[in-house]
> 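Below is the structure I would like to discuss, written out as structure tokens.
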Amino acid sequence: MTTIDLNADLGEGYGRWTLGDDDAMLAAVTSANVACGFHAGDPLTMTAVVDAAHRRGVAVGAHVSYRDLAGFGRRFVDASEAELVGDVVYQIGALTGVAASVGATVRYVKPHGALYSVIAGDDERGRRHAHAVVEAVTRVDPGLVLVGLAGSPLLTRATEAGLSTIAEAFADRAYTPDGRLVPRTDPGAVLHDPAEIVDRVLRLVETGRIRAVDGTDLALHAESVCVHGDTPGAVAIAAGLRTALEAAGVDVRSFVAVPRQVAATESAVPPSPQTGAPADALATPPANPTASSTPPAPAGSPS
């Protein structure tokens, strides 16, 4: 049976501002990339999202970013390698502490926005910042999985450094013929039609091919598919995609082993910043199956 992970960038509110519907997205995805405070996210939001993900049996990952809160992490920051290592270690550490407070565990790291795109490139700054990210993850926990753009040299570099990696594709983003993401500033860079997105992802999962913006077919091996939580209609896209994949006989599950959902009574976090209800009162769906074992960025626009 074909297997695929469905992930989303979550916890991207900040203080009184909310972005997306984390609770609804958690009902559809199998892995949650949780903002760690550098592009979005605050302690209350991080705690609520991690706790809700843990109770649903959704894997938790650190969504690390350049230090760019005002720009939502979608601007290049010319940090030194030492600075970036420290920033990434700091963010993983913050989420690790939050996760421990609710009995959860951070299982993987996925860079965000400009950082994601830059380190997927093969120019000097891409290699330099990729080295910093790989070094940071290795220092914190070499058992963490690193998620990166399918086909990018980052995955090879991380594997050579001893890290496990996951190749990622995007459900709601357009691709250039060479496998990069179309810059967000270009028309058609972000896809919104749920039917079109479902068709694209089903074809990708079943054939390993996806249509580029010029109409050509792009060969792409992907182990995880991302739906951005801040894309308009994200909940409908994610839910429809999950339903369609399962109807096609695809096993939708995380790429890391996660515990079965825990009882709601085990939660001890403050009320959800999105619903205002105690986390214990949030509906808990059936558990997902347990899984096995800026200058323009060179690899497309910020994810």
Side-chain angles (χ1 to χ4, degrees), residues 7-29 31-56 58 60-77 79 87-88 90-99 101-102 104 106 109-117 170-173 183-185 189-192 226-239 267-283 294 301-303:
N7 77 75
D9 303 341
L10 303 177
E12 292 183 322
Y14 188 81
R16 62 180 292 182
W17 292 277
T18 59
L19 185 64
D21 188 340
D22 293 336
D23 295 325
M25 290 295 287
L26 283 170
V29 301
S31 297
N33 321 315
V34 183
C36 301
F38 273 32
H39 76 279
D42 58 70
L44 180 62
T45 300
M46 292 164 65
T47 304
V49 173
V50 171
D51 179 74
H54 177 54
R55 290 185 296 106
R56 291 176 184 271
V58 174
V60 173
H63 201 31
V64 299
S65 170
Y66 284 132
R67 193 193 300 254
D68 179 31
L69 195 57
F72 197 61
R74 286 183 173 151
R75 302 181 297 190
F76 172 70
V77 175
D87 283 354
V88 173
Y90 184 98
Q91 291 173 83
I92 299 172
L95 192 67
T96 298
V98 164
S101 76
V102 296
V106 175
V109 175
K110 175 187 167 181
H112 165 81
L115 178 59
Y116 184 99
S117 293
F170 289 85
D172 52 6
R173 292 296 306 275
R184 282 182 175 268
T185 52
V190 180
L191 309 180
H192 301 284
C226 175
V227 175
H228 285 96
D230 65 325
T231 296
V235 172
I237 291 170
S267 172
V269 303
S272 164
Q274 293 183 352
T275 65
D280 291 356
L282 298 177
T294 349
S301 73
S303 61

> For G41, does its backbone N or O pair with a side-chain atom of T45 as donor and acceptor, under 3.5 Å?
no
> With distance as the sole test, does D172 use its side chain to make a donor-acceptor pair with the main-chain N or O of H228 at under 3.5 Å?
yes
> Please answer whether the main-chain N or O of D68 pairs with a side-chain N or O of R75 as donor and acceptor at a distance below 3.5 Å.
no
> Might you point out which heavy atoms bring T47 and P43 nearest each other, and give the distance in Å?
OG1-O, 2.7 Å
> Mind checking the OH-SG spacing from Y90 to C36? Nearest 0.5 Å is all I need.
11.0 Å
> Sequence neighbours left out, what passes ring-ring contact (aromatic ring centres under 6.0 Å, His included) with F72? Give chain and number order.
H39, H112
> Can you name the nearest heavy-atom pair linking D23 to A52, along with the distance?
OD1-CB, 4.4 Å
> L10 pairs by side-chain contact (heavy atoms from CB on, under 4.5 Å) with which of D22, V58, V50?
D22
> Considering only residues two or more places apart or on different chains, which pairs with a residue in residues 90-99 satisfy salt bridge (Lys or Arg N to Asp or Glu O under 4.0 Å)?
none
> Where is the tightest heavy-atom contact between I237 and H192, given as atom of each residue plus distance?
CD1-O, 4.2 Å
> How would you list, by chain and number, every residue that makes a salt bridge (charged side-chain N to carboxylate O under 4.0 Å, His left out) with D230, sequence neighbours excluded?
R74
> How far does OH of Y14 sit from CG of D42, to the nearest 0.5 angstrom?
7.0 Å
> Is there a donor-acceptor pair under 3.5 Å between the side chain of N33 and the backbone N or O of A8?
yes
> Look at the side chain of S117 and the backbone N and O of A114, then say whether any donor-acceptor pair between them is shorter than 3.5 Å.
no
> So, do M25 and V235 sit near enough that their side-chain heavy atoms are less than 4.5 Å apart?
yes
> Apply side chain to side chain contact (heavy atoms under 4.5 Å, CB included) to the pair F38 and V64, showing each step before the final yes or no.
CA-CA 7 Å; F38 273 32; V64 299; over 6 Å; no
> Would you name the heavy atoms of V106 and A62 that are closest together and state the gap between them?
CG1-N, 4.0 Å
> Could you tell me if the side chain of C226 sits less than 4.5 Å from the side chain of N7, heavy atoms only?
yes
> What is the minimum heavy-atom distance between L95 and M46, and which atoms define it?
CD1-CE, 3.8 Å
> List the atom of V60, the atom of A53, and the distance in Å for their closest heavy-atom pair.
CG2-CB, 3.9 Å
> Quick one: are L19 and E12 in side-chain contact, heavy atoms under 4.5 Å?
yes
